[in-house]
Novice: 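I have a structure here, written as structure tokens, and I will follow up with some questions on it.
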Amino acid sequence: MAAAAQLEDVPNESLFSELLRRMKCAPKPEKRIILVGPPGCGKGTQSPIIKEDFCLCHLATGDMLRAAVAKKTPLGLQAKAAMDKGELVTDDLVVGIIDEALTRPSCSKGFILDGFPRTVVQAEKLDAMLEKQGHKVDKVLNFNVEDSVLEERITGRWIHPASGRSYHSKFAPPKVPGIDDISGEPLIQRKDDTAEVLKSRLDAFHKQTTPVIAYYLQKGIVVDLQAEKPAKDVTSQIEKALS
């Protein structure tokens, strides 16, 4: 009864829009996809496109953990207890939170996982959980970009803090250097968007993910994307890989 009461207050436009979306998604095949790539590789650009085109839910483990803690779910309470002690949240707990999320209607056609698994042990635990449901990972999209290209992409980024609008000194410059086009307010560079910080992050990424890619290569489900190409070309590569 509570759910029905909540639906009564949803505007008609929203209900019709969601009904149309579900009707459009009904014939789509199920897909379970993992995105792997270094900072600045373009995953953030491609994720919403993949989600929309294939009717998938987008699972970012950091956001999911925070949501579980905020909602005080049983797993969220366990995660909070660990974090309050300064401990790392266990792999089993993260996989449990993913398992919980997959029961949502928005995940009925599958998912995009970004930022997980980061280790072979996590990949094995994820596979074991999916196997219990009678599912498996279908594709691992590996966003390949040379480190030198990433440095140019990231160190040229400028942000308007209030709105989140982003610019790039080479690829998408503001009309006036250092000034937001809309508000006229100053732009900033994030502290992480420096060559030194990027090198450290890339070193950690390569060390961490190389074994994970090797694990999925053995299963024959890795697709290497030429992610240094323009966004539209990368989208085309993804559509071909998932069709």
Side-chain angles (χ1 to χ4, degrees), residues 1-35 37 41-80 89 93-116 126 129-130 133-139 141 143 159-167 172 180-183 185 231-232 234-243:
M1 291 295 292
Q6 288 171 358
L7 282 174
E8 287 175 1
D9 292 327
V10 177
N12 286 345
E13 189 177 324
S14 299
L15 279 173
F16 290 142
S17 175
E18 176 58 17
L19 181 61
L20 287 171
R21 187 193 71 80
R22 293 197 187 193
M23 288 171 66
K24 182 196 81 170
C25 290
K28 299 264 186 182
E30 294 183 13
K31 293 188 185 298
R32 292 162 188 87
I33 300 160
I34 294 171
L35 306 187
C41 69
K43 289 186 300 177
T45 300
Q46 300 298 331
S47 293
I49 299 170
I50 302 169
K51 177 183 174 182
E52 179 70 20
D53 285 354
F54 295 96
C55 298
L56 308 177
C57 63
H58 181 231
L59 304 178
T61 50
D63 294 341
M64 291 161 66
L65 272 171
R66 285 186 286 274
V69 170
K71 290 177 182 175
K72 297 183 179 179
T73 68
L75 290 173
L77 291 172
Q78 288 181 49
K80 185 177 187 304
V89 176
L93 198 53
V94 177
V95 170
I97 285 174
I98 294 170
D99 191 8
E100 216 171 48
L102 296 182
T103 62
R104 302 195 310 242
S106 59
C107 295
S108 63
K109 288 295 177 180
F111 60 78
I112 306 164
L113 249 182
D114 185 0
F116 190 92
L126 176 67
M129 180 270 284
L130 290 173
Q133 299 180 359
H135 301 310
K136 61 182 178 59
V137 175
D138 297 301
K139 292 289 182 200
L141 301 181
F143 286 66
I159 308 293
H160 177 240
S163 68
R165 279 187 291 275
S166 63
Y167 300 86
D180 178 48
D181 288 352
I182 308 298
S183 67
E185 294 170 349
K232 286 184 179 179
V234 178
T235 302
S236 296
Q237 291 177 60
I238 291 169
E239 287 173 350
K240 184 178 178 182
L242 298 181
S243 63

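Residue numbers count from 1 along this sequence. Hydrogens, waters and symmetry mates are skipped; everything else that's a heavy atom, side chains included, is used.
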Novice: What I'd like to find out is whether the side chain of I182 reaches to under 4.5 Å of the side chain of S163, using heavy atoms alone.
Specialist: no

Novice: Let's go through L113 and L126 carefully: what are the C-alpha distance in whole Å and the side-chain angles of both, what is the deciding distance for side-chain contact (heavy atoms from CB on, under 4.5 Å) to 0.1 Å, and is it a yes or a no?
Specialist: CA-CA 11 Å; L113 249 182; L126 176 67; 3.6 Å; yes

Novice: List the residues meeting salt bridge (charged side-chain N to carboxylate O under 4.0 Å, His left out) with E52, not counting sequence neighbours, and say none if there are none.
Specialist: K24

Novice: Suppose we screen for side-chain hydrogen bond (donor to acceptor under 3.5 Å, both in side chains). Which residues come up paired with D138, at least two apart in sequence or across chains?
Specialist: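 Applying side-chain hydrogen bond (donor to acceptor under 3.5 Å, both in side chains) to D138 gives none.
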
Novice: Just to verify, what does R22 make a side-chain hydrogen bond (donor to acceptor under 3.5 Å, both in side chains) with, not counting sequence neighbours?
Specialist: E18

Novice: Quick one: list whatever passes side-chain hydrogen bond (donor to acceptor under 3.5 Å, both in side chains) with K28, sequence neighbours left out.
Specialist: none

Novice: To the nearest 0.5 Å, what is the distance between OG (S166) and CG (D180)?
Specialist: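 Separation between the atoms: 10.5 Å.
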
Novice: Between A231 and Q46, which heavy-atom pair has the shortest distance, and what is it?
Specialist: O-NE2, 3.1 Å

Novice: Nearest 0.5 Å please: distance from the CD1 atom of I50 over to the CD1 atom of I238.
Specialist: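 So the CD1 of I50 and the CD1 of I238 are separated by 4.0 Å.
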
Novice: Going by side-chain hydrogen bond (donor to acceptor under 3.5 Å, both in side chains), name the residues that satisfy it together with E30, two or more places apart in sequence or in a different chain.
Specialist: R32

Novice: Once you round to the nearest 0.5 Å, how far does NZ of K31 lie from CG of D53?
Specialist: 11.5 Å

Novice: Checking E185 now: which residues fulfil side chain to side chain contact (heavy atoms under 4.5 Å, CB included) with it, not counting sequence neighbours?
Specialist: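 Listed in chain order: H160, A162, S183.
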
Novice: Can you pull the side-chain hydrogen bond (donor to acceptor under 3.5 Å, both in side chains) pairs that have at least one residue in residues 99-115, sequence neighbours excluded?
Specialist: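 Checked against side-chain hydrogen bond (donor to acceptor under 3.5 Å, both in side chains) - neighbours excluded - the pairs reaching residues 99-115 are K43-D114, D99-Q133.
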
Novice: Please name all residues satisfying side chain to side chain contact (heavy atoms under 4.5 Å, CB included) with S17, sequence neighbours left out, ordered by chain then number.
Specialist: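 Partners of S17 under the side chain to side chain contact (heavy atoms under 4.5 Å, CB included) test: none.
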
Novice: Test of understanding: with side chain to side chain contact (heavy atoms under 4.5 Å, CB included), list the residues that count as partners of A68, not counting sequence neighbours.
Specialist: T73, I97

Novice: Flag the pair V234 / T45 as yes when at least one side-chain heavy-atom distance between them is below 4.5 Å, and no otherwise.
Specialist: no

Novice: Where is the tightest heavy-atom contact between A101 and C107, given as atom of each residue plus distance?
Specialist: O-SG, 3.5 Å

Novice: Considering residues at least two apart in sequence or located in another chain, which fulfil the salt bridge (charged side-chain N to carboxylate O under 4.0 Å, His left out) criterion with K51?
Specialist: none

Novice: Identify the heavy atoms of L141 and A241 that sit nearest to each other, and give their distance.
Specialist: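 That closest heavy-atom pairing would be CD2-CB, 4.4 Å.
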
Novice: Check side chain to side chain contact (heavy atoms under 4.5 Å, CB included) between R66 and all other residues, then give those that pass, not counting sequence neighbours.
Specialist: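 For R66 the side chain to side chain contact (heavy atoms under 4.5 Å, CB included) partners, ignoring immediate neighbours, are D63.
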
Novice: Calculate, to the nearest 0.5 Å, the distance between atoms CG and CG belonging to L35 and L59 respectively.
Specialist: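 Rounded to the nearest 0.5 Å, the CG-CG separation comes to 10.5 Å.
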
Novice: In Å and rounded to the nearest 0.5 Å, what is the NZ to CD1 distance from K139 to I112?
Specialist: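 One gets 15.5 Å once the value is rounded to the nearest 0.5 Å.
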
Novice: Among V95, L102, I98, find the one that has a side chain to side chain contact (heavy atoms under 4.5 Å, CB included) with L130.
Specialist: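 Going through the options one by one, the only one that passes is L102.
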
Novice: Should D181 and Y167 be marked as a side-chain contact (heavy atoms from CB on, under 4.5 Å) after you check the CA-CA gap, both sets of side-chain angles, and the distance that decides it?
Specialist: CA-CA 10 Å; D181 288 352; Y167 300 86; 3.5 Å; yes

Novice: Between A79 and L65, which heavy-atom pair has the shortest distance, and what is it?
Specialist: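 Result for this residue pair: CB-CD2, 3.9 Å.
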
Novice: Examine distances only and state if a side-chain atom of S47 and a backbone atom of G44 form a donor-acceptor pair shorter than 3.5 Å.
Specialist: no

Novice: Just how far is it from atom CD of Q237 to atom CZ of F143, taken to the nearest 0.5 Å?
Specialist: 9.0 Å

